[in-house]
Amino acid sequence: MTSGCSGAVEMAIGVLCSEGQNILLPRPGFCLYNTVAGSRNIEARLYNLVAERNWEVDIEHMESLIDSKTAAILINNPSNPCGSNFTKAHLRAILAVCEKHKIPLISDEIYADMVFSGQVFTPTATLTSTVPILTLGGLAKQWLIPGWRIGWILVHDRNNAFAQVRQGLFALSTLINGPCAPIQAAIPKIFNEIPESYLPELNTQLESHARILESELRKAPGIEVIAPQGAMYVMVKLNLETFADIADDADFCHKLKWEENVEILPGECFAYPGTARLVITPPKDKLHAATERINAFCRRHQI
Ligand SMILES: Cc1ncc(COP(=O)(O)O)c(C=O)c1O
């Protein structure tokens with residue numbers, strides 16, 4: 001058990017990678033991975049996700065980054081910021097890279113099961129009997145309680161490859177106290193007693209929010225929406241050349257905030273400039289108001 005999934009990220013990277021080694025991380029990707037790696041002098045090597053292919057991993061690029069000092073590969077599925085969900089075939093292709101180079105996988109599945117209609121979420125560890133995997137999760141997203149700070153690491157050992165890793169995780173978990181006891185005690189109730197309809201209803205609601213953003217933002221000049229398949233986000237490409245006075249994605253988000261009081265995150269936060277990420281969780285009336293303002297902003301700044 002860890003203090004939020006953030007604690008799980010920290011422990012998983014800490015247990016698998018040493019100073020001077022490197023770890024492969026997604027671009028665009030959740031910025032905490034870089035921060036944790038950097039704070040431990042572990043080199044972060046960013047493999048590309050391909051927007052045109054529903055943000056699948058560029059497998060060739062991923063493989064080209066591997067050398068003898070690569071200690072782990074990290075994937076995040078469904079993804080923050082992409083809102084994407086990998087197919088089984090694609091997860092198998094990633095696992096084949098791990099298998100070939102004998103590298104363990106960290107699979108951040110904090111958005112497990114949060115996928116939209118027509119999509120199937122697959123836990124990565126169900127697809128391999130040889131690649132050892134640390135699966136990261138928590139209560140923050142599916143159960144909408146980020147403030148409870150509950151996360152976890154599931155150790156999917158294969159052929160006893162993780163014997164020392166298990167010991168290392170145990171040692172790391174003694175460094176600080178984990179999540180508080182009363183909240184841990186609530187977990188069995190949360191898992192067993194929340195009605196089965198809860199998650200499908202949540203996903204239906206989230207999808208309807210995502211579709212509002214998608215259809216409304218398609219009307220805004222200079223913005224290209226990439227339809228999400230799950231999680232809580234919509235990524236958009238900013239066609240910066242169509243604006244008269246916007247320097248980059250950070251400038252777009254900064255001006256949008258001050259002129260329209262709408263806050264979205266620039267892609268630069270996810271090592272992917274030229275894009276921006278919107279969160280789909282606000283109430284529908286707020287989403288409509290926000291998209292109207294984004295639309296007005298884009299029209300005003302158009303060449
Ligand atoms: C991909 C990903 N991993 C981990 C976390 C951290 O989750 P927690 O709030 O449980 O620390 C987040 C939170 O946004 C996330 O998006």
Side-chain angles (χ1 to χ4, degrees), residues 1-16 23-39 44 46-47 49 54-57 72-86 91 94 105-115 121-125 133-154 172-173 176-180 183-184 186-187 190-191 202-203 206 209-210 228-235 263-272 275-282:
M1 302 297 306
T2 56
S3 175
C5 189
S6 306
V9 168
E10 196 183 17
M11 272 175 73
I13 294 178
V15 81
L16 289 178
I23 182 169
L24 308 197
L25 302 175
R27 171 174 53 207
F30 182 49
C31 45
L32 181 68
Y33 308 140
N34 265 299
T35 311
V36 170
S39 71
L46 307 185
Y47 61 83
L49 302 178
N54 283 325
W55 298 105
E56 281 188 351
V57 174
I73 295 176
L74 186 151
I75 60 170
N76 169 217
N77 184 53
S79 158
N80 174 12
C82 303
S84 54
N85 174 50
F86 293 155
L91 287 168
I94 297 167
L105 188 70
I106 300 174
S107 188
D108 181 346
E109 297 177 12
I110 183 77
Y111 299 96
D113 291 321
M114 298 180 73
V115 291
F121 165 75
T122 309
T124 316
I133 300 179
L134 296 180
T135 299
L136 316 186
L139 291 184
K141 311 297 176 183
Q142 208 174 320
W143 290 276
L144 305 168
I145 41 176
W148 288 31
R149 311 305 309 133
I150 293 275
W152 53 74
I153 299 179
L154 305 178
L172 285 176
S173 70
I176 49 155
N177 288 320
C180 75
I183 293 200
Q184 286 191 57
I187 294 177
I190 291 173
F191 283 175
L202 173 68
N203 286 346
L206 286 174
H209 286 215
Q229 300 164 302
M232 296 175 158
Y233 311 101
V234 175
M235 276 284 262
E263 194 159 2
I264 65 176
L265 276 186
E268 123 181 332
C269 296
F270 307 98
Y272 205 82
T275 60
R277 189 204 72 175
L278 293 91
V279 179
I280 66 179
T281 46

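The first residue in the sequence is number 1, and the count goes up from there. Read the numbers this way: they start at 1 and go in the same order the structure lists the ligands and their atoms.
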Quiz item: Taking N or O atoms only and a 3.5 Å limit, does Cys5 qualify as a polar contact for ligand 1?
Solution: yes
Quiz item: Based purely on interatomic distance, does Tyr111 place a nitrogen or oxygen under 3.5 Å from a nitrogen or oxygen of ligand 1?
Solution: yes
Exercise. Return a yes/no value for Ser6: is any of its N or O atoms, backbone included, closer than 3.5 angstrom to an N or O of ligand 1?
Key: yes
Self-check item: Numbered atoms of ligand 1 (with element) below 4.0 Å of Arg149, judged on heavy atoms
Solution: 8 (P), 9 (O), 10 (O), 11 (O)
Exercise. To the nearest 0.5 angstrom, please state how far the CE atom of Met232 sits from the CD atom of Gln142.
Key: 9.5 Å
Quiz item: Where on Ala140 is there a heavy atom closer than 4.0 Å to ligand 1, on the side chain, on the backbone, on both, or on neither?
Solution: side chain
Quiz prompt | Enumerated ligand 1 atoms positioned under 4.0 Å from heavy atoms of Lys141 | solution = 12 (C), 13 (C), 14 (O)
Practice problem: Can you measure from OG1 (Thr275) to CZ (Phe270) and round to the nearest 0.5 angstrom? | Solution: 8.0 Å
Exercise. Anything under 30° is parallel, anything over 60° is perpendicular, the rest tilted; go ahead and classify Trp152 against Phe191.
Key: perpendicular
Quiz item: Between Trp148 and ligand 1, which residue portion shows a heavy-atom distance shorter than 4.0 Å: side chain, backbone, both, or neither?
Solution: neither
Quiz item: By number and element, which atoms of ligand 1 are closer than 4.0 Å to a non-hydrogen atom of Gly4?
Solution: 10 (O), 11 (O)
Self-check item: Atoms in ligand 1 flagged as close to Tyr33, the criterion being non-hydrogen separation under 4.0 Å
Solution: 1 (C)
Quiz prompt | Residues Arg27, Leu49; criterion side chain to side chain contact (heavy atoms under 4.5 Å, CB included); working and verdict | solution = CA-CA 6 Å; Arg27 171 174 53 207; Leu49 302 178; 6.0 Å; no
Quiz item: Numbering the atoms of ligand 1 from 1, which are under 4.0 Å from a heavy atom of Ile110?
Solution: 1 (C), 2 (C), 3 (N), 15 (C)
Self-check item: Ile75 versus Leu105, closest heavy-atom pair with distance
Solution: CD1-CD2, 4.1 Å
Self-check item: Contacting atoms of ligand 1, where contact means under 4.0 angstrom from a heavy atom of Asn76
Solution: 1 (C)
Quiz item: Do any N or O atoms from the side chain of Asn34 and from the backbone of Val36 form a donor-acceptor pair under 3.5 angstrom?
Solution: no
Quiz item: Atom CH2 of Trp143 and atom CG of Leu202: how far apart are they, to the nearest 0.5 Å?
Solution: 10.5 Å
Practice problem: Around atom 3 (N) of ligand 1, find the nearest protein heavy atom and jot down its residue, atom name and distance. | Solution: Asp108 OD2, 2.6 Å
Quiz item: Who's the nearest protein heavy-atom neighbour of atom 12 (C) of ligand 1, and how far?
Solution: Phe30 CZ, 3.4 Å
Quiz item: Are Tyr233 and Tyr111 close enough that their ring centers fall under 6.0 Å?
Solution: yes
Practice problem: Give yes or no for whether the N/O distance cutoff of 3.5 Å, strictly under, is met between Ser3 and ligand 1. | Solution: no
Quiz item: Glu109 side chain to Thr124 main-chain N or O, any donor-acceptor pair under 3.5 Å?
Solution: yes
